[in-house]
Peer 1: 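Submitted below is the structure of interest, expressed as structure tokens.
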Amino acid sequence: MLSRTYHLKFPDLDSAQVAAPYLTDTLGEAIPECDLAGLTVLIGKEGDISVNIFFPGPDELKTFEKTYGDLVESLKKTFLFKSSAFDGVCILNFDASAEESAA
């Protein structure tokens, strides 16, 4: 499974809370469109937002890049924040709720 991780550092929690709905709405639309395998969006009390997107394979990652590759840049037109991103291969992903629903 492939993954893309974004880390967005806003000046404060209020700014992050205003930006979060845009991120979650946009990424929610990407779930069926790009056949995402998983999505996690976390917000920290210091104004950080961490986004982890999981893809079943490289084709889905390419579809995401084509359709949503400018997501962070479009946010920068409205909000002030620092960002970093990286692609990786998921080596461990545990979700206890997924285990319970499979039983």
Side-chain angles (χ1 to χ4, degrees):
M1 183 177 346
L2 301 176
S3 168
R4 169 157 300 160
T5 298
Y6 295 102
H7 183 82
L8 313 176
K9 175 65 176 156
F10 291 84
D12 52 42
L13 179 58
D14 290 339
S15 299
Q17 288 176 320
V18 171
Y22 172 78
L23 274 171
T24 57
D25 289 347
T26 303
L27 292 171
E29 293 173 8
I31 293 170
E33 189 173 345
C34 301
D35 194 26
L36 302 184
L39 173 65
T40 304
V41 180
L42 303 169
I43 189 167
K45 65 181 181 178
E46 300 297 324
D48 296 86
I49 296 179
S50 178
V51 178
N52 296 307
I53 307 166
F54 300 97
F55 306 93
D59 291 339
E60 292 81 7
L61 175 58
K62 288 176 187 175
T63 300
F64 179 83
E65 288 174 341
K66 181 179 177 185
T67 310
Y68 296 96
D70 64 346
L71 175 66
V72 172
E73 292 306 315
S74 65
L75 266 176
K76 286 185 176 181
K77 294 177 183 174
T78 307
F79 298 99
L80 177 65
F81 63 93
K82 295 179 183 179
S83 66
S84 62
F86 69 91
D87 293 336
V89 175
C90 185
I91 59 170
L92 175 65
N93 182 28
F94 173 76
D95 183 351
S97 61
E99 287 289 318
E100 291 171 5
S101 65

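We're numbering straight along the sequence, starting at 1.
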Peer 1: Is any side-chain heavy atom of Ile49 less than 4.5 Å from a side-chain heavy atom of Tyr6?
Peer 2: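 Answer no - side chains too far apart.
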Peer 1: Would you check if Phe81 and Val72 make a side-chain contact, meaning some heavy-atom pair closer than 4.5 Å?
Peer 2: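 The answer is yes, as the side chains (C-beta and beyond) meet within the 4.5 Å cut-off.
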Peer 1: Are more than 12 heavy atoms, taken from residues, nucleotides or ligands other than Lys76, located less than 6.0 Å from that residue's NZ atom?
Peer 2: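 Atom NZ in Lys76 is packed in, count exceeds 12.
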Peer 1: How many angstroms lie between CD in Glu29 and OG1 in Thr24, if you round to the nearest 0.5 Å?
Peer 2: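 Reported value, rounded in 0.5 Å steps: 10.0 Å.
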Peer 1: I'd like to know whether Phe55 forms a side-chain contact (heavy atoms from CB on, under 4.5 Å) with Leu36, so could you lay out the CA-CA distance, the side-chain angles of the two residues, the decisive distance to 0.1 Å, and finally the verdict.
Peer 2: CA-CA 5 Å; Phe55 306 93; Leu36 302 184; 3.4 Å; yes
Peer 1: Between Ile43 and Val51, is there a shared hydrophobic cluster once you connect ILVMFWY residues whose side-chain heavy atoms come closer than 4.5 Å?
Peer 2: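 Linked within one cluster.
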Peer 1: Pro56 and Glu60: which non-hydrogen atoms are nearest, and at how many Å?
Peer 2: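 Between these two residues, the closest heavy atoms are CG-CD, 3.7 Å.
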Peer 1: Are side-chain heavy atoms of Leu2 and Asp87 found at a separation under 4.5 Å?
Peer 2: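 They are not in contact (no side-chain heavy atoms under 4.5 Å apart), so the answer is no.
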Peer 1: Less than 3.5 Å apart, any donor N or O on the side chain of Tyr22 or Ser74 sitting next to an acceptor on the other?
Peer 2: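 Result is yes, a qualifying pair exists.
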Peer 1: For the hydrophobic clusters of this structure (ILVMFWY residues joined by side-chain heavy atoms under 4.5 Å, transitively), does one cluster hold both Val18 and Leu42?
Peer 2: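 Shared cluster, no.
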Peer 1: Check each of Thr5, Thr40, Asn93 against Asn52 using the side-chain hydrogen bond (donor to acceptor under 3.5 Å, both in side chains) test, and report the only one that passes.
Peer 2: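 Answer after filtering Thr5, Thr40, Asn93: Thr5.
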Peer 1: If I compare all heavy atoms of Ala16 with all of Gly47, which pair ends up nearest, and what's the gap?
Peer 2: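 For Ala16 versus Gly47, the nearest heavy atoms are CB-O, 3.8 Å.
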Peer 1: For Thr67 and Phe64, indicate whether the former's side chain and the latter's backbone hold a donor-acceptor pair under 3.5 Å.
Peer 2: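 Between the backbone of Phe64 and the side chain of Thr67 there is no qualifying donor-acceptor contact (under 3.5 Å).
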Peer 1: Kindly determine whether Asp35 and Thr63 satisfy side-chain contact (heavy atoms from CB on, under 4.5 Å), including the steps that lead there.
Peer 2: CA-CA 9 Å; Asp35 194 26; Thr63 300; over 6 Å; no
Peer 1: Hey, quick one: are Phe86 and Leu71 part of the same hydrophobic cluster, counting side-chain heavy atoms closer than 4.5 Å, chains of contacts allowed?
Peer 2: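 In one cluster with Phe86: Leu71, no.
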Peer 1: Give, for atom NZ of Lys82 and atom CG of Asp48, the distance between the pair rounded to the nearest 0.5 Å.
Peer 2: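 The NZ atom of Lys82 sits 11.5 Å away from the CG atom of Asp48.
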Peer 1: Identify whether Met1 and Leu39 are in the same connected component of the hydrophobic contact network (ILVMFWY, side-chain heavy atoms under 4.5 Å).
Peer 2: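 No; tracing contacts between hydrophobic side chains, which count when under 4.5 Å, never links both residues.
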Peer 1: Same cluster or not: are Leu8 and Leu80 linked, directly or through other Ile, Leu, Val, Met, Phe, Trp or Tyr residues, by side-chain heavy atoms under 4.5 angstrom apart?
Peer 2: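 Each belongs to a different hydrophobic cluster.
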Peer 1: Lys9 side chain to Glu46 main-chain N or O, any donor-acceptor pair under 3.5 Å?
Peer 2: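 Yes; judged by distance alone, with no hydrogens or angles, the pair exists.
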